[in-house]
Amino acid sequence: GQSKGAVTFNVFEMWDSDEPVPRVELLKKVKGCDGILCVLTEKIDAQLLEAAGPNLKVVSTMSVGFDHLSLDELKKRGIRVGYTPDVLTDCVAELTVALLLATSRRLIEATHEAKTGGWGTWRTLWLCGHELANSTVGILGLGRIGVAIAERLKPFKVKKFIYTDVAPRPELANMIEAEYVSFDELAKQSDFLAVCCALTPETHGICNWNLFSKMKKNAIFINTSRGGVVNQEDLYEALSTGLIAGAGLDVTTPEPLPTHHPLFTLKNCVILPHIASASYTTRNAMSALAANNLLAGLRGEPMPKELKL
């Protein structure tokens with residue numbers, strides 16, 4: 001007999017590949033499922049939920065972002081949702097700082113010069129970048145990750161932290177002595193602007209010409225949230241005309257970004273292939289948490305991390 005609270009799987013289907021499961025295949029396989037464990041490459045929308053049918057009780061995503069899930073549709077059907085916040089905060093914050101420094105100090109450009117014979121005699125302003133000491137750092141969307149980024153940047157002698165969110169977040173802001181400002185002020189004051197908000201209908205394309213045109217010429221723009229918050233055409237314009245100094249992106253639209261995309265032609269744009277949570281420790285923790293969320297959901301118990309719909 002089963003011990004109390006155990007879950008017996010009659011059928012356990014796994015897509016055993018690093019490539020995303022083809023949509024047609026996914027729609028076939030979800031039929032009759034009680035639970036789904038997904039990653040951010042899977043769109044969990046009305047079509048998929050219809051295909052799954054009435055047995056589906058829980059969707060567990062191995063991600064902190066949930067823009068690939070149709071929350072309204074899940075709520076309507078009473079399906080519970082598990083996600084993986086907290087466990088990736090440190091990892092994402094570390095990568096954000098690494099990307100910020102690589103962009104502002106032009107490291108990628110510099111290694112290329114060293115490798116390809118561009119390294120001549122010492123030159124006064126060659127490969128000069130922008131430093132964090134005495135700067136103002138802006139954070140768009142102050143959550144756990146925004147706080148963790150600020151905590152790591154503080155020792156670099158940053159002068160001031162400012163942030164914008166839907167409303168002030170005093171309890172988080174106090175941890176890093178950050179000042180709440182309007183979206184316009186964030187654009188005007190920031191020497192470094194880190195985007196770490198969730199992608200929602202409100203934040204979609206929010207980093208556009210309106211933002212970039214108000215930013216300082218020496219400003220560095222960093223995005224480790226979701227590609228959808230940025231209007232890439234506007235960003236290309238801003239970078240190619242020297243409106244802002246540089247950009248570091250871990251996320252784009254689409255992903256992967258086609259190799260012929262104009263942003264790849266710019267020296268002042270550093271693009272990473274969505275690796276912010278890519279450490280062995282963090283990915284293992286995310287996997288375990290996603291599995292535990294799924295099992296708790298199937299048992300009808302409280303999940304370690306449930307997204308309240």
Can you find a heavy atom in the side chain of [X] that is under 4.5 Å from one in the side chain of [Y]?
X	Y	result
Thr61	His68	yes
Gln232	Leu257	yes
Leu101	Phe156	yes
Val58	Asp34	no
Trp15	Lys29	no
Leu172	Tyr163	no
Phe221	Leu211	yes
Val81	Phe66	no

Could you list the donor-acceptor pairs under 3.5 angstrom formed between side-chain atoms of residues 130-140 and any protein atom two or more places apart in sequence or on another chain?
unit_1 : atom_1 : unit_2 : atom_2 : d
Ser135 : OG     : Leu132 : O      : 2.6

Interatomic distance, [X] atom [atom1] to [Y] atom [atom2] [nearest 0.5 angstrom]:
X	Y	atom1	atom2	answer
Ile79	Leu71	CD1	CG	11.5 Å
Phe212	Leu243	CZ	CG	9.0 Å
Thr224	Glu94	OG1	CD	12.5 Å
Ile36	Glu42	CD1	CD	9.5 Å
Asp86	Leu289	CG	CG	8.5 Å
Asn292	Glu301	CG	CD	11.0 Å

State plainly whether one hydrophobic cluster holds both [X] and [Y], where clusters connect Ile, Leu, Val, Met, Phe, Trp and Tyr through side-chain heavy atoms under 4.5 angstrom apart.
X	Y	result
Leu199	Leu142	no
Leu26	Leu74	yes
Leu69	Val30	yes

Below 3.5 Å, can you tabulate the donor-acceptor pairs from side chains in residues 263-283 to any protein atom, sequence neighbours excluded?
unit_1 : atom_1 : unit_2 : atom_2 : d
Thr265 : OG1    : Pro262 : O      : 2.5
Asn268 : ND2    : Leu239 : O      : 3.1
Asn268 : ND2    : Ala245 : O      : 3.3
His274 : ND1    : Glu255 : OE1    : 2.7
His274 : ND1    : Glu255 : OE2    : 3.3
Ser277 : OG     : Arg283 : NE     : 3.0
Ser277 : OG     : Arg283 : NH2    : 3.1
Ser279 : OG     : Thr282 : N      : 3.1
Ser279 : OG     : Thr282 : OG1    : 3.1
Arg283 : NE     : Ser277 : O      : 3.3

Using modelled atom types only, decide if a donor and an acceptor are shared between the side chain of [X] and the backbone of [Y] within a distance under 3.5 Å.
X	Y	value
Thr203	Ile206	no
Tyr180	Ala173	no
Arg80	Lys57	no
Asp45	Ser70	no
Ser190	Ala187	no
Arg23	Lys43	yes
Asn231	Gly205	no
Asp234	Trp209	yes

Is the count of non-hydrogen atoms from other residues, nucleotides or ligands lying under 6.0 Å from Trp119 atom CH2 greater than 12? no

CG (Asp184) with more than 12 external heavy atoms under 6.0 Å: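 More than 12 heavy atoms, drawn from other residues, nucleotides or ligands, come within 6.0 Å of this atom.
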
Looking at Lys154 and Glu151, is any side-chain nitrogen of the basic one under 4.0 Å from a carboxylate oxygen of the acidic one? no

Does Arg77 form a side-chain contact (heavy atoms from CB on, under 4.5 Å) with Leu56? I'd like the steps, not just the answer. CA-CA 9 Å; Arg77 292 169 169 80; Leu56 189 62; over 6 Å; no

I need the full list of salt bridge (Lys or Arg N to Asp or Glu O under 4.0 Å) pairs touching residues 216-230, with sequence neighbours left out, sorted by first then second residue. Asp67-Arg226, Asp191-Lys216

Would you please say whether a donor-acceptor pair under 3.5 Å links the side chains of Ser17 and Glu19? no

Name the one of Lys160, Arg169, Lys159 that satisfies salt bridge (charged side-chain N to carboxylate O under 4.0 Å, His left out) with Glu179? Lys160

